[in-house]
**Student:** 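Here it is, the structure, as structure tokens.
For the single chain, residues carry numbers from 1 onward in sequence order. FYI, side chains are in, hydrogens and waters are out, and symmetry mates aren't considered; it's all heavy atoms of this structure.
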Amino acid sequence: MSQRILTPDYILQEALAAHGTALTSYLQDKGVTTAVPKSQNENDGGLTLTVLGCGTMGIAILGGILGSLSDATTSSTSKDTISEQATPDRLPSRFNACVRSAASAQRIHAELGHLAKFASVKVCQDDTLEPVQQADIVLLCCKPHMVSEILTQPGIAQALAGKLVISICVGLDSKQIASMLPPSVEDKPHCTIACAMPNTAAAVRESMTIISKSVPPLPASTEALVTWIFSRIGRVSYIAPNLMPVSAALCGSGPAFVAVVVESLAAGAIAMGLPREDAYTMAAQMMRGTTGLLLRGEHPALLRDKVSTPGGCTVRGLVVLEEGGVRGTVARAVRETTVAATPVQKHKAHVNVPAA
């Protein structure tokens, strides 16, 4: 008689979770409101987070939060960052993801539907006012040119009064966003505005998010909440407002510069016979390991010297880089990008004027 083999519990749990997510998605597509147990709704003491313009970056941030709430396991970078931060007294537990198109709504389901906490997400298409009214925190993830249109919609100013608004819209500071709203609404306090700038690595929870220091400073509890949100997708640093342009150049444009370096390293290896796929994988992993050492506290110059034996092959390669002016060229790229990210009236058109 053959022995009966039982299905492991974790497989059954995953299957049930997938079934629940599929059912929720089907009901929402049909316009049926799904009931959330009170323990996960108004009586759970949690906050409601509404994402306006839940596109690529909005999905990345929302996915980081949901993943953190679903599973204590995080990436190595996030672990280091999270351990240094105090957990806020109240965390987001209900979410509204606002989009304009059906395709964007389907994308949210496709990319986040596998997460256990996705049942607490309501995807809202062509509906902004009610999700903002329900929110404790509003995350502006739309295109910068759309902010004024959204904030001036009837009822939005009243719905935002006294709430926390976090903008990741590049090129708009807190003063510009505040200017799009009335100073006060029905004697309620103006909303609190914070400006943050995550980068494209948020998709893998390795973002370097820059947050502009507010004047006056954010209350400690609010700052802890903002830090917690962006720590779900990587590291966080608070920077003075006047340093946001150079931070944008380094952290926002930096991934493009690094991609060029990786591509160049791979091209050299390919030219010497290494298969293309292997070259790109090796170059990327080498870069990842190197940055891990740097984040651990290793100084770049010391790291360079550790692998540079006198008369060795690495030194010969370094001499070629120095002769080519790589160091100065990369620095000039950061400077030029900083100028482009800074209001024109504060700087000259270019800082990198070629020598006569």
Side-chain angles (χ1 to χ4, degrees), residues 47 49-55 57-58 61 98 128-129 131-133 135-199 202 207-230 236-253 335 337-349 351:
L47 301 171
L49 172 66
T50 291
V51 182
L52 298 181
C54 196
M57 194 60 71
I61 296 171
C98 300
T128 302
L129 181 57
V132 172
Q133 290 172 333
D136 299 293
I137 311 163
V138 175
L139 189 60
L140 278 174
C141 294
C142 58
K143 300 293 184 183
H145 70 272
M146 298 171 61
V147 174
S148 179
E149 176 188 346
I150 292 174
L151 296 184
T152 55
Q153 291 180 16
I156 291 294
Q158 291 84 348
L160 287 175
K163 297 180 178 179
L164 172 61
V165 177
I166 305 174
S167 169
I168 66 166
C169 301
V170 177
L172 292 179
D173 58 29
S174 58
K175 291 182 179 179
Q176 291 172 302
I177 295 173
S179 69
M180 302 175 191
L181 296 167
S184 63
V185 181
E186 297 177 357
D187 296 327
K188 294 182 180 180
H190 198 288
C191 59
T192 300
I193 301 174
C195 293
M197 186 184 61
N199 67 14
S207 172
M208 181 64 253
T209 301
I210 305 300
I211 302 175
S212 178
K213 291 182 178 179
S214 300
V215 180
L218 295 173
S221 58
T222 302
E223 182 175 310
L225 180 58
V226 173
T227 302
W228 184 89
I229 289 173
F230 289 102
V236 174
S237 181
Y238 283 81
I239 297 295
N242 64 303
L243 295 177
M244 288 299 285
V246 66
S247 299
L250 182 59
C251 301
S253 303
R335 294 170 64 205
T337 307
T338 300
V339 171
T342 304
V344 178
Q345 66 270 19
K346 293 185 179 180
H347 285 274
K348 298 179 180 179
V351 294

**Student:** A side-chain contact here means heavy atoms from C-beta on lying under 4.5 Å apart; do Ile168 and Met57 qualify?
**Tutor:** yes
**Student:** Which distance, rounded to the nearest 0.5 Å, do you find between the CD of Gln133 and the CG of Leu160?
**Tutor:** 10.0 Å
**Student:** CG of Leu164 to OG of Ser221: how many Å apart, nearest 0.5 Å?
**Tutor:** 9.5 Å
**Student:** Are any non-hydrogen side-chain atoms of Ile229 and Ile61 less than 4.5 angstrom apart?
**Tutor:** yes
**Student:** Can you list everything that forms a side chain to side chain donor-acceptor pair (under 3.5 Å) with Thr209? Sequence neighbours excluded, please.
**Tutor:** Ser207
**Student:** Would you name the heavy atoms of Met208 and Asn199 that are closest together and state the gap between them?
**Tutor:** N-OD1, 3.5 Å
**Student:** Any sub-3.5 Å donor-acceptor pair from Ser214's side-chain atoms to Pro216's backbone N or O?
**Tutor:** no
**Student:** List the atom pairs, donor and acceptor, that lie under 3.5 Å between side-chain atoms in residues 237-251 and the rest of the protein, sequence neighbours left out.
**Tutor:**
unit_1 : atom_1 : unit_2 : atom_2 : d
Tyr238 : OH     : Glu223 : O      : 3.2
Tyr238 : OH     : Thr227 : OG1    : 2.7
Ser247 : OG     : Leu243 : O      : 2.8

**Student:** Is there a side-chain contact between Thr152 and Leu181 (heavy atoms, below 4.5 Å)?
**Tutor:** no
**Student:** Minimum heavy-atom separation for Val132 and Lys163, please, with both atom names.
**Tutor:** O-NZ, 2.7 Å
**Student:** If you measure from CD on Gln153 to CG on Leu129, what distance do you get to the nearest 0.5 Å?
**Tutor:** 8.0 Å
**Student:** I want to check something: taking the side chain as every heavy atom from C-beta on, are Val51 and Cys98 in contact at a cut-off of under 4.5 Å?
**Tutor:** no
**Student:** Of all the heavy-atom pairs spanning Asp173 and Cys195, show the shortest one and how long it is.
**Tutor:** C-SG, 3.7 Å
**Student:** So how far is it from Ile193 CD1 to Gln176 CD, rounded to the nearest 0.5 Å?
**Tutor:** 11.0 Å
**Student:** Nearest 0.5 angstrom please: Ser179 OG to Leu172 CG, how far?
**Tutor:** 8.5 Å
**Student:** To the closest 0.5 Å, what do you measure between CG (Leu140) and OG1 (Thr50)?
**Tutor:** 11.0 Å
**Student:** Write down the atom of Leu49, the atom of Leu139, and the distance for their closest heavy-atom approach.
**Tutor:** CD1-CB, 4.2 Å
**Student:** Could you check if a side-chain atom of Arg335 sits within less than 4.5 angstrom of a side-chain atom of Thr338, using non-hydrogen atoms only?
**Tutor:** no
**Student:** Is any side-chain heavy atom of Thr192 closer than 4.5 Å to a side-chain heavy atom of Leu218?
**Tutor:** yes
**Student:** Check Leu47 against Asp136 and note the closest heavy-atom contact, atom names and distance.
**Tutor:** CA-OD2, 3.4 Å
**Student:** Do Cys142 and Leu52 make a side-chain contact, defined as non-hydrogen atoms from C-beta onward lying under 4.5 Å apart?
**Tutor:** no
